[in-house]
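First comes the structure, then the notes that go with it.
Fair warning: this is a prediction, and the values are worked out from it, not measured in the lab.
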Amino acid sequence: DEPAVTLDGTLITLQANVGLASDTAGAQASGATGVGLYRSEFASMMCESFPSEDEQVVAYRQVLQSIAPAPVTMRTLDVGSVKSLPYFPVKEDNPAPGWRGIRMTLDHPALLSTQMRAMLRASVDLGNLRLLLPTVLSVDEVDYAREILERAMVEMRQESREVARPELGLMLEVPAALYQIEALAKRCDFFSLGTND
């Protein structure tokens, strides 16, 4: 219940990891100053099929609104390999490389586009959304995801929905990303490093 300040006066920002909108109350009560990771796949795991854009807007808006004006970093769908959905089974001969996260959604771009549109719609008038791409392996994946985001931004403007362009970040989870770090840094606004990785 006190600010996280070091003895030499440095303020440390502490944010929460949440999977559902109901998690935000506990995060705020514990002193979190935002959401550092919203695991969007949790909402999908509670459904019998991929949620519609409107259903996603409702779920995302609850999280963004409950924390506003503090930032919320929403990770795009991270399923596949060891994290599967009952209605979207994934079979791999070798799960180590991982057909999951950004690769899975880029192979199904309508899923990623719908999710990005829902996140953008949910953030209207709040301005606290940050997008995070999971399990990035290559620069090409980021370029393709950025194209989908830019298309979604254009569609929002065409629909007379004024949304701020969110910061775009990448999760550093796959060793291959480290060898491309300089090129990746030119394509994103921030990196996220999970301590379990």
Side-chain angles (χ1 to χ4, degrees), residues 12-19 32-45 56 59-60 63-64 67 70-85 90 92 95-123 126-154 156 163-197:
I12 306 298
T13 301
L14 295 174
Q15 298 182 349
N17 286 354
V18 301
T33 56
V35 172
L37 176 62
Y38 171 72
R39 303 169 191 268
S40 68
E41 61 272 10
F42 280 34
S44 295
M45 289 176 177
Q56 290 180 64
Y60 303 153
V63 175
L64 290 163
I67 297 292
V72 176
T73 302
M74 292 191 157
R75 181 174 67 190
T76 60
L77 196 64
D78 187 15
V79 296
S81 190
V82 295
K83 268 197 279 185
S84 63
L85 298 172
V90 174
E92 290 183 277
W99 185 71
R100 60 177 281 200
I102 195 66
R103 277 168 303 295
M104 189 279 288
T105 55
L106 289 176
D107 281 350
H108 297 276
L111 283 177
L112 184 59
S113 177
T114 298
Q115 186 174 39
M116 285 184 170
R117 280 181 49 87
M119 289 176 174
L120 290 170
R121 284 177 55 198
S123 72
L126 296 175
N128 60 338
L129 170 66
R130 300 171 81 211
L131 285 179
L132 184 61
L133 304 177
T135 63
V136 170
L137 269 177
S138 73
V139 168
D140 290 344
E141 291 171 347
V142 178
D143 287 343
Y144 190 11
R146 282 172 45 124
E147 285 176 26
I148 292 171
L149 175 59
E150 291 308 319
R151 230 174 306 143
M153 294 289 298
V154 168
M156 293 294 106
V163 294
R165 187 191 183 285
E167 289 185 344
L168 181 67
L170 314 176
M171 290 199 78
L172 296 178
E173 305 169 89
V174 182
L178 299 179
Y179 295 100
Q180 304 165 77
I181 198 86
E182 290 182 20
L184 291 171
K186 293 175 183 172
R187 290 164 165 80
C188 69
D189 301 301
F190 66 96
F191 290 119
S192 174
L193 178 64
T195 54
N196 63 322
D197 297 309

Working to the nearest 0.5 angstrom, can you tell me the gap between [X] [atom1] and [Y] [atom2]?
X	Y	atom1	atom2	value
L137	L170	CG	CG	11.5 Å
T135	E141	OG1	CD	7.0 Å
E167	N128	CD	CG	11.5 Å
T114	M119	OG1	CE	11.5 Å
T105	D78	OG1	CG	9.0 Å
D107	Y144	CG	OH	8.5 Å

Are [X] and [Y] side-chain neighbours, meaning at least one heavy-atom pair lies under 4.5 Å?
X	Y	result
M171	L193	no
L131	T73	no
V35	Q15	no

Heavy-atom closest pair, residues [X] and [Y]:
X	Y	result
G19	Y38	O-CE1, 3.7 Å
M104	L111	SD-CD1, 4.3 Å
A145	L106	N-CD2, 4.1 Å
R39	N17	NH2-ND2, 3.4 Å
Q180	V139	OE1-N, 3.3 Å
C188	F191	SG-CE2, 3.7 Å

Next item on the list: Please confirm whether the backbone N or O of L129 pairs with a side-chain atom of S123, one donor and one acceptor, at under 3.5 Å?
Entry: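 No, S123 side chain to L129 backbone: no donor-acceptor pair under 3.5 Å.
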Note to self: Run E41 and R75 through side chain to side chain contact (heavy atoms under 4.5 Å, CB included) and show every step you take.
What the structure shows: CA-CA 8 Å; E41 61 272 10; R75 181 174 67 190; 2.4 Å; yes
Notebook entry, point to check: Between Q115 and S40, do the side chains contain an N or O donor and an N or O acceptor separated by less than 3.5 Å?
Noted result: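 Yes.
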Checklist line | T76 and L112: CA distance, side-chain angles, deciding distance, side chain to side chain contact (heavy atoms under 4.5 Å, CB included) verdict | finding: CA-CA 7 Å; T76 60; L112 184 59; 3.9 Å; yes
Next item on the list: Show your reasoning for whether side chain to side chain contact (heavy atoms under 4.5 Å, CB included) applies to V136 and V142.
Entry: CA-CA 7 Å; V136 170; V142 178; 3.7 Å; yes
Notebook entry, point to check: Does R130 make a cation-pi contact with F190, if we ask for NZ or CZ under 6.0 Å from the ring centre and within 45° of the axis?
Noted result: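 Ring-cation test returns yes.
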Next item on the list: Please name the residue in the list E150, R146, R151 that meets the side-chain contact (heavy atoms from CB on, under 4.5 Å) test with I148.
Entry: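 For I148, the side-chain contact (heavy atoms from CB on, under 4.5 Å) check succeeds only for R151.
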Notebook entry, point to check: Between R187 and D143, is the closest basic N to carboxylate O distance under 4.0 Å?
Noted result: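 Yes, D143 and R187 are salt-bridged.
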Next item on the list: Let me see the working for L133 and L168 under side chain to side chain contact (heavy atoms under 4.5 Å, CB included), right down to the final yes or no.
Entry: CA-CA 8 Å; L133 304 177; L168 181 67; 4.0 Å; yes
